[in-house]
Asker: 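Right, I'll just put the structure down here and ask away after.
For the numbers below, each heavy atom of this structure counts, side chains included, while hydrogens, waters and symmetry mates do not. Predicted model, so just to flag it, every value in this text is computed and none were measured.
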Amino acid sequence: MKFVCLGYLDESQWERLSEADGQRMMEACFDYDDELRRGGHFLGGEALSASKSAVTLRSRNGQVEVSDGPFTETKEVLGGILLLEARDLDHAIDLMSKHPGAHVGPWEIRAADEQINALIAERDAAARVRPSEAPRAGHSIRTLRDALNFSYEWIKPLADDLADAAMTSPTPVAGNHPLWIMGHLALSSADLLAMVTDVPNPHGCWKALFEGGSQPLPDLATYPAYAEVMKAYEATHQNVLTVLDELTELQLNARPPAVWDVLQEDPQFQTIGQVLLFIALHEMSHRGQLADARRALGRKPFA
């Protein structure tokens, strides 16, 4: 989630600081901003000039009046704005409570209105694109849909054919058997989709069995039924396509609302379009293991 953090200060108190103390305070604030950047939480910000340089507009009797100074007469005035990325309000409070600026005045933290901001961003992007440079309608979405369907249609027939041999190793030594592969694809694709929708993975209870890095187990009784796993894989594929159909071309370039902390700086996961493309590529990376399992069983390749 995005939060707008409004930092207030008492200008008279600030002006009483020595030049050295003021510089130390600014350096401490800059250092903490860098820490927020490294964690993927700092989205931007603006420092404001002294309030004595401000003007306020008011409408009275149908006329706009201009007056000097801030809108309200108060001891503490707005000193700057910081845009923050956090999981939720509690996380934002925790991050900003450590900001050195909290020692010179209060921070007001308010969640950004994602729906309105998305509309603003869409209109802003459209205004910057000349008609001759505008993308053809549906091109990127169509390409992603083709990629997702291509991977699904190449994987599912192999997986269906292995329903009677779900524990077959694709290599002479222990490897990823079909049951683990399909459970892993159902779990991981739903996890990646959750980054786009910010809706929990419905198959999260399978994490210990199928997450990346887990070891395939030889005991069939350890796992859910193969038919259940296949049903989850099919449902996840349909959910991905449904989400894709609800997106606009411009939204494909937006940052996913729930990027995992470990992927905050990974260039492959900075846009919604990149995440959806990764789902297709990741699924195809496991197709060869299904083909090898069929080969180990002596089954002929599909025509």
Side-chain angles (χ1 to χ4, degrees), residues 144 147-244 256 258-264 266 268-269 274-303:
L144 284 172
L148 290 162
N149 279 329
F150 181 86
S151 64
Y152 179 80
E153 290 165 4
W154 272 56
I155 288 170
K156 191 173 183 299
L158 274 68
D160 286 341
D161 184 64
L162 289 163
D164 62 340
M167 304 301 286
T168 302
S169 174
T171 64
V173 296
N176 295 338
H177 50 65
L179 181 50
W180 184 90
I181 293 169
M182 299 314 298
H184 173 65
L185 293 184
L187 175 72
S188 59
S189 294
D191 267 343
L192 290 164
L193 184 62
M195 289 172 53
V196 174
T197 63
D198 202 15
V199 175
N201 182 349
H203 313 304
C205 60
W206 291 350
K207 188 176 181 65
L209 291 173
F210 297 125
E211 68 179 335
S214 63
Q215 294 299 313
L217 303 173
D219 183 7
L220 181 62
T222 304
Y223 293 100
Y226 191 76
E228 182 183 355
V229 169
M230 287 299 299
K231 184 177 180 180
Y233 171 69
E234 295 161 10
T236 298
H237 174 70
Q238 292 302 319
N239 288 341
V240 172
L241 294 182
T242 297
V243 169
L244 179 61
V259 180
W260 307 332
D261 288 345
V262 71
L263 299 178
Q264 288 289 337
D266 192 315
Q268 296 184 87
F269 300 94
Q274 286 175 313
V275 173
L276 296 177
L277 178 61
F278 189 87
I279 291 175
L281 295 175
H282 173 250
E283 292 191 356
M284 281 300 292
S285 73
H286 285 281
R287 181 181 184 275
Q289 295 171 341
L290 294 173
D292 287 341
R294 294 186 72 256
R295 186 179 296 111
L297 292 166
R299 298 182 182 180
K300 295 180 179 180
F302 287 121

Asker: Short question: side chain of His177, backbone of Ala165 - any donor-acceptor pair under 3.5 Å?
Answerer: no
Asker: Quick one: are Leu290 and Arg294 in side-chain contact, heavy atoms under 4.5 Å?
Answerer: no
Asker: Under a 4.5 Å cut-off applied to non-hydrogen side-chain atoms, are Tyr223 and Phe210 in contact?
Answerer: yes
Asker: Kindly compute the distance separating CG (Leu187) from CG (Leu192), expressed to the nearest 0.5 Å.
Answerer: 9.5 Å
Asker: What is the distance from atom NE2 of His237 to atom CD of Glu153, rounded to the nearest 0.5 Å?
Answerer: 7.0 Å
Asker: Do any N or O atoms from the side chain of Trp180 and from the backbone of Met167 form a donor-acceptor pair under 3.5 angstrom?
Answerer: no
Asker: Looking only at heavy atoms, which two atoms of Ala293 and Thr168 are closest? And how far apart?
Answerer: O-CG2, 3.7 Å
Asker: If you compare all heavy atoms of Ala190 against all heavy atoms of Pro202, which two are closest, and at what distance to 0.1 Å?
Answerer: CB-CD, 4.5 Å
Asker: Does some side-chain heavy atom of Thr171 sit less than 4.5 Å from a side-chain heavy atom of Asp292?
Answerer: no
Asker: If you take all heavy atoms of Ala194 and Ala258, which pair is closest and at what distance?
Answerer: O-CB, 3.9 Å
Asker: For the OH atom of Tyr233 and the OG atom of Ser189, what is their distance to the nearest 0.5 Å?
Answerer: 7.0 Å
Asker: About how many Å separate CG of Leu144 and CD of Gln274, when rounded to the nearest 0.5 Å?
Answerer: 10.5 Å
Asker: Looking at every non-hydrogen atom in both residues, tell me the closest pair between Pro178 and Ala166 and how far apart they are.
Answerer: CD-O, 3.2 Å
Asker: So His282 and His184, would you call those rings parallel, tilted or perpendicular, with 30° and 60° as cut-offs?
Answerer: perpendicular
Asker: Can you find a heavy atom in the side chain of Val259 that is under 4.5 Å from one in the side chain of Val275?
Answerer: no
Asker: Is there a side-chain contact between Gln264 and Asp261, using heavy atoms and a 4.5 Å cut-off?
Answerer: yes
Asker: Decide yes or no on side-chain contact (heavy atoms from CB on, under 4.5 Å) for Met182 and Leu162, but give the supporting numbers first.
Answerer: CA-CA 11 Å; Met182 299 314 298; Leu162 289 163; over 6 Å; no
Asker: Looking at OG of Ser188 and CG of Leu193, how far apart are the two atoms once the value is rounded to the nearest 0.5 Å?
Answerer: 11.5 Å
Asker: Looking only at non-hydrogen atoms, find the nearest pair between Ala296 and Ser169 and report the distance.
Answerer: CB-O, 3.7 Å
Asker: Test Arg287 against Met284 for side-chain contact (heavy atoms from CB on, under 4.5 Å), laying out the working first.
Answerer: CA-CA 5 Å; Arg287 181 181 184 275; Met284 281 300 292; 4.0 Å; yes
Asker: Enter the distance from His286:NE2 to Ile181:CD1 here, rounded to the nearest 0.5 Å.
Answerer: 7.5 Å
Asker: Under 3.5 Å, is there a donor-acceptor pair between the side chain of Tyr152 and the main chain of Glu283?
Answerer: no
Asker: Looking at every non-hydrogen atom in both residues, tell me the closest pair between Asn176 and Gln289 and how far apart they are.
Answerer: ND2-NE2, 3.2 Å
Asker: If you apply the rule side-chain contact (heavy atoms from CB on, under 4.5 Å), what do you find for Leu158 with Asp161, and how did you get there?
Answerer: CA-CA 5 Å; Leu158 274 68; Asp161 184 64; 5.8 Å; no
Asker: Check whether any side-chain heavy atom of Trp206 lies under 4.5 Å from a side-chain heavy atom of Asn201, and answer yes or no.
Answerer: no
